[in-house]
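The structure appears right after this line, and notes come after that.
Residues take their numbers from the sequence shown, with the count starting at 1. Note that the structure is a prediction, hence the values are computed from the model and not measured. The analysis underlying the following values was restricted to heavy atoms, covering all of them including side chains, and did not include hydrogens, waters or symmetry mates.
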Amino acid sequence: MSAKLLPWLQERAAAIATLEKNANTALHSNGDEPTYRDFMHQKALLLAQIARDAAPMLAAEKNHPQYTQISETLESFAAGANNALRLNSIFYKSALLYPDDYQEGEPNNLERLILSILP
């Protein structure tokens, strides 16, 4: 994996985790639903752009054995986020990256992707 793509994915995952943490604090500690919605919208925007933003770095990985999996997974994240934005669904935005059987403390789907490509 290139010296650029993996750290970039890790940075993007950290940014999303920060947005989610801030959103949960806004909602559960402060009762501030508008701020919660704003953070979830920002999360969806980051994910909607993830495949496009990663494309130049991913292009350098065409010979990587997981190239297709990584590319398709990022496209799937972007498609889900674009649907959430189009529908303007707060539930959909908050559920992005989380499988139906998600248990608290487990990695989300972006974190799982990162773990699968770590050397």
Under 3.5 Å: donor-acceptor pair, side chain of S71, backbone of T68: no
Do Y98 and Q103 come close enough that some side-chain heavy atom pair is under 4.5 Å? no
Can you hop from M40 to L87 via hydrophobic side chains spaced under 4.5 Å? no
Compute whether any side-chain donor of one residue and acceptor of the other, for Q42 and D38, lie under 3.5 angstrom apart. yes
Should M57 and W8 count as side-chain neighbours, where that means a heavy-atom distance under 4.5 Å? yes
In the single-linkage hydrophobic clustering (I, L, V, M, F, W, Y; side-chain heavy atoms under 4.5 Å), do Y92 and I50 co-cluster? yes
Taking the side chain as every heavy atom from C-beta outward, state whether R12 and D53 have any pair of such atoms under 4.5 Å apart. yes
For I114 and L9, work out which heavy atoms get closest and say how close. CD1-O, 3.5 Å
R52 versus L74: any side-chain heavy-atom pair under 4.5 Å? no
Ignoring hydrogens and angles, tell me if any N or O in the side chain of Q49 forms a donor-acceptor pair with the backbone of L46 under 3.5 Å. no
Taking all atoms of both residues into account, what is the closest heavy-atom pair of P7 and K4, and its distance? CD-O, 3.4 Å
Is it the case that one hydrophobic cluster holds both L96 and L45, taking links as side-chain heavy atoms less than 4.5 Å apart, direct or via other members? no
Value rounded to 0.5 Å, distance of CD1 in I90 from NE2 in H41: 10.0 Å
How about I70 and T73: do any of their side-chain heavy atoms sit closer than 4.5 Å? no
Kindly indicate whether the side chain of K93, heavy atoms from C-beta on, has any atom under 4.5 Å from the side chain of R37. no
Hydrophobic clustering (ILVMFWY, side-chain heavy atoms < 4.5 Å, transitive) - are F91 and L27 grouped together? no
Tell me the closest heavy-atom pair linking A81 and A44, and the distance in Å. CB-O, 3.3 Å
From CG (L19) to NZ (K43), nearest 0.5 Å: 9.0 Å
Looking only at heavy atoms, which two atoms of R112 and P107 are closest? And how far apart? NE-O, 3.1 Å
Heavy atoms of E106 and D101 approach each other most closely as OE1-O, 4.3 Å
Taking L97 as the starting point, is it possible to reach L6 by hopping between hydrophobic residues whose side chains are less than 4.5 Å apart? yes
Just by distance, no angles: are the side chains of E72 and Y67 close enough, under 3.5 Å, to form a donor-acceptor pair? no
Using atom types as modelled and distance alone, determine if a side-chain donor or acceptor of T35 lies under 3.5 Å from a backbone N or O of D32. no
Please tell me if the side chains of N24 and Y36 come closer than 4.5 Å, counting only heavy atoms from C-beta onward. yes
Taking every heavy atom of F77 against every heavy atom of L113, the minimum-distance pair comes out as CE1-CD2, 4.3 Å
